[in-house]
Amino acid sequence: MSQKNSFLYSVAAAKCPRCREGNMFPKGTLYSTRFADMNPNCPCCGQTFEPEPGYYYGAMYVSFGFNVGIFLIALVILYQFVEEVTMAMMIGLVAVVVVAFLPIIFRLSRAIWINIFIRYEGPCSQIPKRA
Ligand SMILES: [Zn+2]
């Protein structure tokens, strides 16, 4: 198995969980106003990316975990540079972290979420297409 269709790569690159080839999100929209736009189906194998309405509700918990993690890392870094961390700094830090990482965390959370429920079946050319 090549590096390109490893589990970690397919999650990080937001690839289809079923074939790990098609993109979940349209190209070139990560840091744009269309960052939340998602392909309805895998352009390669046809796997639907939203099996039911509200499917990604649970991805919010994944996203929350990432935000907390990044915030803690940012806080540790901040402590290296400032004598005393104030509440205003913390609020500013949360705002910066959440806004700066929003598109990445949004997509990563959804990619992780869908990978929990849809299994890898093989390369796109070797599995049946879904309508
Ligand atoms: Zn696919």
Side-chain angles (χ1 to χ4, degrees):
M1 190 186 277
S2 72
Q3 206 62 35
K4 269 231 153 188
N5 58 18
S6 74
F7 175 73
L8 282 179
Y9 171 83
S10 82
V11 169
K15 296 285 181 189
C16 166
R18 184 164 174 256
C19 68
R20 294 181 182 168
E21 286 174 48
N23 290 318
M24 288 176 65
F25 299 92
K27 264 196 169 25
T29 54
L30 180 59
Y31 273 93
S32 77
T33 51
R34 296 176 56 221
F35 79 90
D37 286 8
M38 204 170 167
N39 293 328
N41 297 86
C42 174
C44 199
C45 75
Q47 169 67 45
T48 176
F49 288 145
E50 189 153 9
E52 58 197 69
Y55 181 72
Y56 290 101
Y57 184 77
M60 285 196 321
Y61 298 104
V62 180
S63 141
F64 176 74
F66 273 115
N67 277 311
V68 170
I70 293 171
F71 171 73
L72 289 178
I73 293 166
L75 195 61
V76 167
I77 294 169
L78 186 65
Y79 267 112
Q80 313 301 313
F81 296 102
V82 192
E83 286 279 302
E84 192 187 353
V85 175
T86 64
M87 188 53 81
M89 284 178 187
M90 288 224 200
I91 292 167
L93 193 62
V94 169
V96 168
V97 165
V98 167
V99 170
F101 291 94
L102 180 67
I104 293 175
I105 291 175
F106 178 86
R107 292 189 173 192
L108 201 55
S109 310
R110 287 189 166 212
I112 289 171
W113 190 249
I114 199 168
N115 267 283
I116 295 173
F117 302 101
I118 296 170
R119 312 183 72 167
Y120 177 57
E121 292 184 17
C124 193
S125 55
Q126 290 169 34
I127 55 177
K129 273 219 173 233
R130 283 194 178 147

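Every number for a ligand or one of its atoms is a count from 1 in the order of the listing.
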Quiz prompt | Whether Ser6 side chain and Tyr9 backbone form a donor-acceptor pair below 3.5 Å | solution = yes
Practice problem: Mark yes or no for whether Asp37, through its side chain, and Pro26, through its backbone, hold a donor-acceptor pair below 3.5 Å. | Solution: no
Practice problem: Linking directly or through intermediates, with side-chain heavy atoms under 4.5 Å: list the remaining ILVMFWY members grouped with Tyr57, chain and number order. | Solution: Met60, Tyr61
Quiz item: Which residue pairs satisfy the ring pair (Phe, Tyr, Trp, His ring centres under 6.0 Å) criterion with at least one member in residues 23-46, sequence neighbours excluded?
Solution: Phe35-Phe106
Practice problem: Would you check if the side chain of Gln47 reaches a backbone N or O of Arg18 as a donor-acceptor pair within less than 3.5 Å? | Solution: no
Quiz prompt | salt bridge (Lys or Arg N to Asp or Glu O under 4.0 Å) involving Glu50 - partner list, sequence neighbours excluded | solution = none
Quiz item: Listing residue and atom name, which protein N/O/S atoms are closer to the Zn ion (ligand 1) than 2.8 Å?
Solution: Cys16 SG, Cys19 SG, Cys42 SG, Cys45 SG
